Amino acid sequence: MPGVVHRGGSRGRRAMNEINMVPFIDVMLVLLIIFMVTAPLITTGVVDLPSVGKAQQRPTSVIEIVVGADEKLRMRVDQQDPSPVTLAQLATRVKAAQGGNEQVPVVISGDRNVKYDAVVRVMDGLQRAGIKRVGLSVRQGG
């Protein structure tokens, strides 16, 4: 067949028209295994938030420190009329009102518009003086 010209190599090579998916699948399986192993080891941040509920029984005697919007302090003992007090006098007046009984609770009631710093100063002064039961007053409901 002298008239037939044979092109060498055209039959041996074909154009590649498919993507080889095996390496892609291997990589994805390795990543899946890594995520499955490390997911249980990741620690989640748990925040234990305080809750406000109704007290079972109200204490018989309560000392209330009222921090007004003008940051002036007033002390109220057992729902009587509040009397003005300064931050320097506060610890001695509270100890006198407790009468030696450290279990009498001290409640700080801050106005909604008062600076947070004023309430913290009152709480810090009471705790530095050794007063044990100091808490914050909150309004029930929304």
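The structure presented is a predicted model; accordingly, all values stated were derived computationally and were not measured.
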Applying salt bridge (charged side-chain N to carboxylate O under 4.0 Å, His left out) to Asp111 and not counting sequence neighbours gives none

Q. Cluster partners of Tyr116, using ILVMFWY side-chain heavy atoms under 4.5 angstrom, listed by chain and number?
A.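 So far as hydrophobic clustering goes, Tyr116 is joined with Val120.
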
Cluster membership besides Met123, Ile/Leu/Val/Met/Phe/Trp/Tyr side chains within less than 4.5 angstrom, sorted by chain and number, is Ile63, Ile65, Val67, Leu73, Met75, Val77, Val85, Leu87, Leu90, Val94, Val104, Val106, Ile108, Val114, Val119, Val122, Leu126, Ile131, Val134, Leu136

Those residues at least two apart in sequence (or on a different chain) that pass side-chain contact (heavy atoms from CB on, under 4.5 Å) with Lys72 are Asp70, Arg74

Next item on the list: Answer yes if the side chains of Arg93 and Ser83 hold a donor-acceptor pair under 3.5 Å, and no otherwise.
Entry: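 There is such a pair between these side chains.
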
With sequence neighbours excluded, give me every salt bridge (Lys or Arg N to Asp or Glu O under 4.0 Å) pair touching residues 122-132.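 Qualifying pairs: Asp124-Arg128.
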
For the pair Asp81 (side chain) and Arg76 (backbone), establish whether a donor and an acceptor sit closer than 3.5 Å, ignoring hydrogens and angles.
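It does not hold such a pair.
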
Could you list the donor-acceptor pairs under 3.5 angstrom formed by side chains in residues 20-42, with sequence neighbours left out?
from	atom 1	to	atom 2	distance (Å)
Asn20	OD1	Val22	N	3.4
Thr38	OG1	Ile34	O	2.9

